[in-house]
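Proteins come first, then strands; the chains are lettered A, B, ... in the order of their sequence lines, and each starts at number 1. What you see below is based on every heavy atom in this structure, not just the backbone, and it leaves out hydrogens, waters and symmetry mates.
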Amino acid sequence: MSLAIATSSIDLFLILDILGTIAFAISGALTAMKKKMDPFGIFIIAFVTAVGGGTLRDILIDANVAWMRNLTFVYVIILAAIVAIIFRKKLSYVRRSLFLFDTIGIALYTVVGVEKGIAADFPAIICIALGTMSACFGGVIRDILCNEIPVIFRKNIYATACILGGSVYFLLLKFNVSENWVVIISFSVVITIRLLAVTFNWSLPSIYKKDAIEND
Amino acid sequence: MSLAIATSSIDLFLILDILGTIAFAISGALTAMKKKMDPFGIFIIAFVTAVGGGTLRDILIDANVAWMRNLTFVYVIILAAIVAIIFRKKLSYVRRSLFLFDTIGIALYTVVGVEKGIAADFPAIICIALGTMSACFGGVIRDILCNEIPVIFRKNIYATACILGGSVYFLLLKFNVSENWVVIISFSVVITIRLLAVTFNWSLPSIYKKDAIEND
Amino acid sequence: MSLAIATSSIDLFLILDILGTIAFAISGALTAMKKKMDPFGIFIIAFVTAVGGGTLRDILIDANVAWMRNLTFVYVIILAAIVAIIFRKKLSYVRRSLFLFDTIGIALYTVVGVEKGIAADFPAIICIALGTMSACFGGVIRDILCNEIPVIFRKNIYATACILGGSVYFLLLKFNVSENWVVIISFSVVITIRLLAVTFNWSLPSIYKKDAIEND
């Protein structure tokens, strides 16, 4: 599908992908350090946070797992984990940049996941799920390995932004918008919703208002 | 193998499958609500509870993952999750029906898993394991995501019923029982054992009677 | 690659593999019994501890999952789990043997994982990761199912021994050492490092010396 744009803007895509990977890896390293893991544990958590979502996607669609053939991201993650360990006390100063990189990362991974789904000829709803999974499930695996209930199951404008971005992708396709614009707009939708959600502290409506759930 | 019966009774199979999916999805949604997850988290847990076991089976035998090509179950799960959220206070009234649907679900998934294993030419013991996995591992993934030790590792006449049903399947095959009867009988064995186990509060013999386990 | 040596020393390899599987299965069973699981849960944990790492490796490289076609290990694991249940109070007497078997197991699985990676033509660093994963990730899945933070993320000379052994494998290959010696030396490196680490109570340098990590 959008291989043309992917090839012509290879450098921009690569830079965005590396920024997202850095943000994911550092978020993993920070979570691991909160759990007082040792350097090996920190690296593994950084790694699965960065590549876990894409790996799960590739296993489900029976595609080759990208990081096993292209070492760029392995090196980026190793470097990011080392930086996170060394500057662990200083990382709060760049929290804003990290948040921005993370937002870029989920937007990019959403689009990439959706396109991989389209290339393998899956229905739209499954493609959107693959995009959301690419963006969000590294964090889910991170939280499971750290023995926490995954944070995106509790404050979900994170995944919701990906779902909406993916839906916009298909909406635009239906209206015959050119592929370049489909990519750019759905990418921007994820980023915008995520930024708005954090700025205005949005969350999905809670369903637990003074009700006691009665079940076994 | 038993594609003949599968085709001729397609409607009955489909109805049973949908009932089982509903029960699994609702059980997932209830567990997620106990953990105070938001709507996105509730849906994801409902989803993995319903399809997780079959997905793991399909990955292990390198088959296509069913729900990614056939959206019926995706819609059923979305609907079941919404119903579970809206009627969360009322679900205790239909607990008995849910238990029955769940029992139908594990019986069906056991037989389906065994047959998929046979179709891919795996040894009998592995086919039985695939059947049990199809029936039970959605619940295991649900419990891991909810940060609990999987409940079926503690009260196991659940999985045991599947193992016995799967074993009966191969026993009957050996005695040249016709395929229709093999399916019907092994299906009934799972249901009967599960119903008896719950009615009479059966569980596997405990091995922890006043002994302190000494190990590092 | 080293299929020649694998075939000529098939018996030795098989014996080492069975010893490693026994150690992994018993370690899984012991962890499950600490969590008061029932016999079914104990068996499942024994099983995933023994085969989980290799299974994850095979899924990632899209190879056939070994234990699904060769039942030897299924029987070994069932037997080991039963022995662990019956002799659970006596296992502390053979703790030293179990530790030795476990060390043999991780050394063997590291070499096997590295060779499977080479056979599928992956880069060196990925082959080392596959070896380490084969050796260590059964234990990670065991700990996740038992609702614990994986122990190898905290005391990591375990995985580090595998990483170093895998690295030595490639170093020797580069210097054109004959394949038999590559296997024997890298196997011995894992065992030696692990034994030294336990004897002298080595661990990776801690990064948490009186510092409070400040981050969100």
* To do: Considering non-hydrogen atoms only, spot the tightest contact between F122(A) and I61(A) and give its length.
  => CE1-CG2, 3.5 Å
* With a 4.5 angstrom heavy-atom cut-off, could you sort out which part of I144(A) is near chain B: side chain, backbone, both or neither? => side chain
* **Proximity breakdown for N147(A) and chain B, heavy-atom pairs closer than 4.5 Å** => both
* Would you give the length of the straight line joining atom OG1 of T21(A) to atom CD1 of I104(A), rounded to the nearest 0.5 angstrom? => 11.5 Å
* Asked: By a 4.5 Å heavy-atom criterion (distance strictly below it), what part of D143(A) contacts chain B: side chain, backbone, both, or neither?
  -> neither
* Asked: Given that the side chain runs from C-beta out, which part of I59(B) has a heavy atom under 4.5 Å from chain A: side chain, backbone, both or neither?
  -> side chain
* Is there side-chain contact between F170(A) and I118(A), with at least one heavy-atom pair below 4.5 Å? -> yes
* **F99(B) versus chain A, the contacting section by heavy-atom distance below 4.5 Å** => neither
* Asked: Does any heavy atom of chain A fall under 4.5 Å from the side chain of D58(B), the backbone, both, or neither of them?
  -> neither
* To do: For the residue pair I157(A) and L204(A), establish whether any side-chain heavy-atom pair is separated by less than 4.5 Å.
  => yes
* With no hydrogens and no angle check, do the side chains of T72(A) and N70(A) hold a donor and an acceptor under 3.5 Å apart? -> yes
* Can you name the one residue among F73(B), Y109(B), F47(B) that meets ring pair (Phe, Tyr, Trp, His ring centres under 6.0 Å) with F24(B)? -> Y109(B)
* Asked: Is chain A contacted by the side chain of L98(B), its backbone, both, or neither, given a heavy-atom distance below 4.5 Å?
  -> neither
* Asked: Checking L60(A) against chain B: side chain, backbone, both or neither under 4.5 Å from a heavy atom?
  -> both
* **Min side-chain heavy-atom separation Y169(B)-V190(B) under 4.5 Å** => no
* Options T55(B), L71(B), V65(B), D62(B), ranked by heavy-atom pairs under 4.5 Å with chain A, top entry -> L71(B)
